[in-house]
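Input: a single structure, listed below in structure tokens.
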Number of protein chains: 2
Amino acid sequence: MSTLAQGKADLERASTAQKVADMLRERVLDGELAPGLRLSEEAIGGALGVSRNTLREAFRLLTRDRLLVHEHSRGVFVRRPSGDDVRDLYAARRVIECGALRLWNDVTEAQREAVRAPVRQAVARAEKNDWTRAGQANIQFHRAIVGLARSTRLSDESDRLFAELMLAFRVAQEINDFYQTYVPWNRRIVELLNNGAVDQAVDQLLEYFDAAEQDLVGRLEAE
Amino acid sequence: MSTLAQGKADLERASTAQKVADMLRERVLDGELAPGLRLSEEAIGGALGVSRNTLREAFRLLTRDRLLVHEHSRGVFVRRPSGDDVRDLYAARRVIECGALRLWNDVTEAQREAVRAPVRQAVARAEKNDWTRAGQANIQFHRAIVGLARSTRLSDESDRLFAELMLAFRVAQEINDFYQTYVPWNRRIVELLNNGAVDQAVDQLLEYFDAAEQDLVGRLEAE
DNA sequence: ATCGTGGGATTGTTGAACGATTCTACGATA
DNA sequence: TATCGTAGAATCGTTCAACAATCCCACGAT
């Protein structure tokens, strides 16, 4: 059964543009292509061995994901989120994640466990000072919160928001610093949820967003 | 001042692909291009006088907006939303709009008025049996609710959800029928908001979503 | 120091080309 | 008669080459 699904996934393999977009997405998210950098069609296309047309399709995909920005007749650039972008981003997250978290009592146990597990993982990794992977667990935590809503459209959009936020973190050079404070915060949220105090958990999540936004915006607008 | 902004908007005019995409979007939304229809690259490109490459970029844009679906080596088709799509759509709307509506007491008076006005408009148009434009006012109502969050990202995504929902309405041939029931519903919601009963307004909104989803899914899965 | 004004580089769009994939219709086989 | 397989037509995926439009930069004029 799973082999069938696997085979189908292979059959419906991505187009060249899709594959190029995936590769570029990784490079952007891991910082190899720094925010603000201009991506030359000729240089990238030559390096990857694809034609300009195909490359431009890949650019369109990433532009739609807000990882790249397109300026007419000037080219595409790796996005450099501004303070206003971050405020916009957190306004969206507040609505989506708090709204989804309020569904806590209406969802399956499997969904609830998907929220708890990443927090345990983040705690364990934080104790080992593995902040990179602790950060990944944090994202999983928030993805699972959105997942409570059971809407692929909402989850997909949230993934785009998370990716954009990663860029903002990079610009603010805040990859590891801030992660130390959110771990206990998430722990508290899960604790409140387990005690049935959903409203208080939502309040905690809101406070977390306030703190994170303020910190990030501050660093972004400092320069 | 506004003329300057207007001029700037004109200067930063869309690319050819963007303009083609806008034109096709209209045709899809007003039903001229029916759900399920296949869009031939050659036919459309020839009729519009643009090259295949440019047209394909336009298709990509609309695919990203979920108005078209792309099938490898088969072409692009006007999306035909399924019952599952509608369920997914409403799950997202529940989270977004209810979450945004809870901000009622934290926003400016101008934002609140932007929510009330479309309802008055819808009532007036409904009395004149102008259901098409009453439906447009309804969408404005829901757009304004999302606007309470003050996030362009959230508003943009919601616009995509609304557009997709319009397609579902078309498939269900429910353009005008259902509109008669939501007008009084929206009226009640605004009344509750004006009385400061935000939580009850959210509950009413949820019930409205339940009813609308059930009705739409029922018609969609009937065929 | 500011303001044209070029040349050079890059993007925007087109058209043609060819392999790969899908669709269609026809005929073979049971 | 119904199913299956196959050849041919139509369409898509991708590349390449070309040229106009636009932007960037440096140089010189005022």
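Letters A, B, ... are given to chains in the order of the sequence lines, protein chains preceding strands, and every chain is numbered from 1. Computed from a predicted structure; not experimentally measured.
Closest to the side chain of A/Arg56, from the set C/dT11, D/dT11, D/dG13, is C/dT11. Taking every side-chain heavy atom of B/Ser73 into account, C/dT21 is the closest of C/dT11, C/dT21, D/dT14. Among D/dG13, D/dT11, D/dT15, the nucleotide with an atom closest to any side-chain atom of B/Asn53 is D/dT15. The nucleotide whose nearest atom lies closest to any side-chain atom of A/His72 is, among C/dG15, D/dC12, C/dG12, C/dG12.
Here C/dG12 presents its C1' atom at 14 Å from CD of B/Gln18, a figure rounded to the nearest Å. Here the P atom of nucleotide D/dT14 and the CZ atom of B/Phe59 are 15 Å apart, to the nearest Å. The distance between atom CZ of B/Arg38 and atom P of C/dT22, rounded to the nearest whole Å, is 13 Å. Rounded to whole Å, the distance from CD on B/Glu71 to P on C/dT22 is 11 Å. In this structure, the CZ atom of A/Phe77 is 12 Å from the P atom of D/dC23, given to the nearest Å. B/Leu55 has its CG atom 13 Å from the P atom of C/dG15, to the nearest Å. Look at NZ on B/Lys19: it is 12 Å from C1' on C/dT13, rounded to the nearest Å. In this structure, B/Glu41 atom CD and C/dA16 atom P are separated by 16 Å, rounded to whole Å.
When side chains are defined from C-beta on, B/Leu48 counts as touching B/Met23, because their heavy atoms get closer than 4.5 Å.
No side-chain donor-acceptor contact under 3.5 Å links B/Asp159 to the backbone of B/Asp156. A/Glu97 places no side-chain N or O within 3.5 Å of a backbone atom of A/Val146 that could act as its donor or acceptor partner.
Salt bridge A/Arg87/A/Glu221: present, at least one basic N to carboxylate O contact under 4.0 Å.
Neither OP1 nor OP2 of D/dG13 sits under 4.0 Å from any side-chain N or O of A/Thr54. Between B/Arg52 and C/dG15 there is no side-chain N or O to OP1 or OP2 distance below 4.0 Å. The side chain of A/Ser51 contributes no N or O atom lying less than 4.0 Å from OP1 or OP2 of D/dC16.
Across all strands shown, A/Gly45 has no heavy atoms under 4.0 Å from either base or sugar-phosphate atoms.
Aromatic rings of A/Tyr208 and A/His142 (six-membered ring for Trp) have centroids within the 6.0 Å cut-off, being under it.
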